[in-house]
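Below is one structure, written out as structure tokens; the observations come after it.
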Number of protein chains: 2
Amino acid sequence: MTSQPSQPASHPELVTMANDIRLACMRISRRVRFESDQELAPHHFSVLARLEDAPRTNSELAEIERVSAPSMKRTTTHLVEAGYVSRADDPLDGRQVILSLTEEGRAAVERVRRHRDEWMLDRFATLTETELDLLQRASAVLGKVASK
Amino acid sequence: MTSQPSQPASHPELVTMANDIRLACMRISRRVRFESDQELAPHHFSVLARLEDAPRTNSELAEIERVSAPSMKRTTTHLVEAGYVSRADDPLDGRQVILSLTEEGRAAVERVRRHRDEWMLDRFATLTETELDLLQRASAVLGKVASK
DNA sequence: TATTGTTATACTCTATAACTATA
DNA sequence: TATAGTTATAGAGTATAACAATA
């Protein structure tokens, strides 16, 4: 026991819990992607989800997704050709190109997201009422762990 | 409410929870990998972790990891050259080559795993005692959701 | 002949460096 | 000259097809 109450790394049950929860999250994440990423490759879905919030330039997307500008260019070119993203010149700065989600792109994102949630709901169907209730209350805590 | 008690997809709060928990798991998973996969690429770590349980042939690893035999061959060749994996002819079947974890490989897996758990423990340090207790009890349920 | 491992070749996603156009 | 976008080229990981060795 150290003098810092908010540094609980020395508690063996916390180490066990860290491992258990990390493994569960990684397995759930892997299986969700495995079951649901048939329509859209992971890096394509990721970019479309970013454009859902607001239109972006290629450079902005590259920085957010932490890939190089040419890599993102390749991805966005593919998405434009697939009809999921549209390009528009910036009227204020002729160097920039604004990328936006098309209706088709928005629908594709929603389909993938619905598919992913359906997988989770299928898993929930194996739980008891008590387990569902516990998970419900722990949900916010898990969100806090995941948050920045 | 339908006639099937184990098909709760029509409950709106379950749909919300499915989305919340899925997102939290995917974010945690992504951040764990982003923070911890500096030493070993994901597909390298994955193969080493499989060899931790038992020695395997290249074909077995390819099937487990769902990649082609030539792809796995490339990965295992790299791991052998890095000193993490050793090759041995099968005395019973001259066609087969048995791949095993070296001590160095075992140590690398443990380092990555410890690093990943440390990230989780850092996040736990932001939680209250009540939240930690709730997470502790929900841990087994999450494991059940993640299980096959 | 069937199976295991390997090599040959190609495609995709990633990167860095160089080039073009606009500010 | 600085910045956004783009093009050129290369490296890593994946795949399928073909080949070699063993059962």
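Source: prediction; values computed, not measured. So you know, we letter chains A, B, ... as the sequences are listed, proteins then strands, and number each from 1.
With B:T57 contributing its side chain and B:Q96 its backbone, the two residues share no donor-acceptor pair below 3.5 Å. Side chain of B:R106 to backbone of B:L48: no donor-acceptor contact under 3.5 angstrom is found.
Distances were taken from every side-chain heavy atom of B:H43 (C-beta onward) to each of D:dG13, C:dA2, C:dC13; the shortest belongs to D:dG13. Distance from the side chain of A:V67 is smallest for C:dA15 among the nucleotides C:dA15, D:dA15, C:dT22. Closest to the B:K73 side chain, of the nucleotides C:dT6, D:dT3, C:dC13, is C:dT6. Taking every side-chain heavy atom of B:S71 into account, D:dT14 is the closest of C:dA2, D:dT14, C:dC13. Here the nucleotide nearest the side chain of A:R74, chosen from D:dT14, C:dT12, D:dT22, is C:dT12. For B:D93, the side-chain atoms get nearest to D:dA23 when compared with the rest of D:dG13, C:dG5, D:dA23. Closest contact between the side chain of B:R87 and the listed nucleotides C:dA23, D:dT14, C:dT6 involves C:dT6. Of the listed nucleotides (D:dA4, C:dG5, C:dA15), C:dG5 has the atom at the smallest distance from the side chain of B:V97. Relative to the side chain of A:P70, the nucleotides C:dT4, D:dT7, D:dA17 differ in distance, and D:dT7 lies closest.
In this entry the distance linking CG of B:L92 with P of D:dA23 reads 10 Å, nearest Å. For A:E63 and D:dG5, the CD to P distance is 12 Å, given to the nearest whole Å. Put simply, CG on A:L79 is 10 Å from P on C:dC13, counting in whole angstrom units. Atom pair A:L61:CG and D:dA4:P shows a separation of 14 Å (rounding to whole Å applied). Atom CE of A:M72 and atom C1' of D:dT6 are 15 Å apart (whole Å). Distance CD (A:Q96) to C1' (D:dA2): 14 Å, rounded to an integer number of Å. Distance, B:I98 CD1 to C:dT4 C1': 11 Å, rounded to whole Å. If you take CZ of B:R95 and P of C:dT1, they are 16 Å apart, rounded to a whole angstrom.
With A:F45 as the aromatic partner, A:R33 does not meet the cation-pi criteria of under 6.0 angstrom to the ring centre and within 45 degrees of the ring axis.
Neither OP1 nor OP2 of C:dA17 sits under 4.0 Å from any side-chain N or O of A:S68.
With DNA chain C read from its 5' end, the first of the two nearest nucleotides for B:A69 and A:R66 is the one closest to B:A69.
Contacts classified as salt bridge (Lys or Arg N to Asp or Glu O under 4.0 Å) and involving residues 43-62 of chain B (residues at least two apart or in different chains) are given here: B:R50-B:E65, B:E52-B:R113.
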One pair to check against salt bridge (Lys or Arg N to Asp or Glu O under 4.0 Å): B:D90 and B:R95. What are the steps and the verdict? CA-CA 8 Å; B:D90 186 337; B:R95 294 171 303 182; over 6 Å; no
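B:S59 comes within 4.0 angstrom of the backbone, heavy atoms only, and of no base.
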